[in-house]
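Notes for the one structure printed next.
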Amino acid sequence: MIGPQRDPDLVRPFVRTGGRDRAPATVRLETLVRAATVPSGALSQDARRVLDLVGGVRGALAVADIAAALDLPLSTARILVADLIDSRHLDTPISARSDQPAINILQEVLRGLRAKL
């Protein structure tokens, strides 16, 4: 009997992020990022993949879209994006916090959606 097969390319998320398991609160799943005009230096393979993806898109991408496109866990994508923002390889065209609608508008939308059901 043969045991479970292991994927040789499988890398644990904490290895990809240097042992960190939390991203800063400022980098959320809906945070939009775009490539900055800083030359890339010594970056990890995952960071280069993020930069290649974002650099190939006109406009900005959300962190959730980056995670989905690169098949990365959401927490890992948030940490990688936060590192790239800190190193100025990525920038945020707008702050996710200033772009959010007021809570009363969201509650009204939710009530309307529930009424449709």
Side-chain angles (χ1 to χ4, degrees):
M1 181 170 169
I2 298 175
Q5 299 242 338
R6 292 186 179 185
D7 183 357
D9 295 327
L10 180 65
V11 177
R12 296 269 188 204
F14 64 86
V15 173
R16 294 177 186 260
T17 61
R20 291 170 295 143
D21 63 352
R22 295 193 197 283
T26 56
V27 178
R28 300 169 49 171
L29 296 179
E30 67 272 12
T31 301
L32 296 174
V33 294
R34 62 182 175 203
T37 57
V38 173
S40 58
L43 295 173
S44 71
Q45 181 180 0
D46 289 316
R48 283 193 305 270
R49 289 176 59 211
V50 170
L51 281 179
D52 289 344
L53 176 67
V54 175
V57 173
R58 180 178 248 173
L61 279 177
V63 175
D65 294 331
I66 293 169
L70 299 179
D71 197 26
L72 291 171
L74 293 170
S75 59
T76 302
R78 287 182 62 211
I79 293 169
L80 291 170
V81 167
D83 288 348
L84 290 168
I85 290 171
D86 289 345
S87 66
R88 299 182 184 220
H89 287 91
L90 294 177
D91 67 359
T92 55
I94 55 173
S95 172
R97 295 215 184 270
S98 66
D99 190 46
Q100 292 181 352
I103 190 72
N104 60 341
I105 293 174
L106 293 174
Q107 289 171 339
E108 192 173 325
V109 169
L110 184 58
R111 277 192 293 272
L113 289 173
R114 286 183 179 152
K116 291 272 188 191
L117 297 175

Excluding L74, membership of its hydrophobic cluster (Ile, Leu, Val, Met, Phe, Trp, Tyr; side-chain heavy atoms within less than 4.5 Å) reads L29
Exactly one of V50, V57, D52 clears side-chain contact (heavy atoms from CB on, under 4.5 Å) with V54, and that residue is V50
Checklist entry - Are the side chains of T31 and V81 in touch, meaning some heavy atoms are under 4.5 Å apart? => result no
Tightest non-hydrogen contact, residues L32 and A60, listed as CB-CB, 4.0 Å
Quiz prompt | Test log, rule side-chain contact (heavy atoms from CB on, under 4.5 Å), inputs I66 and V33 | solution = CA-CA 10 Å; I66 293 169; V33 294; 3.6 Å; yes
**Prompt:** Quick one: does S87's side chain have a donor or acceptor within less than 3.5 Å of a partner on D83's backbone?
**Reply:** yes
Taken in chain and number order and not counting sequence neighbours, the residues that satisfy side chain to side chain donor-acceptor pair (under 3.5 Å) with D91 are R34
| field | Any side-chain heavy-atom pair of T76 and D46 under 4.5 Å | value | no
The side-chain contact (heavy atoms from CB on, under 4.5 Å) partners of R111 (sequence neighbours excluded) come to Q107, E108
Output for pair (L72 CG, R49 CZ), nearest 0.5 Å, gives 5.5 Å
All heavy atoms of G55 vs all of A35, minimum pair found to be CA-CB, 4.0 Å
Smallest heavy-atom separation, R28 atom then R78 atom, equals CA-NE, 4.1 Å
*Decide side-chain contact (heavy atoms from CB on, under 4.5 Å) for L84 and L43; before the verdict, give the C-alpha distance in whole Å, the side-chain angles of both, and the deciding distance to 0.1 Å.*
CA-CA 9 Å; L84 290 168; L43 295 173; 4.3 Å; yes
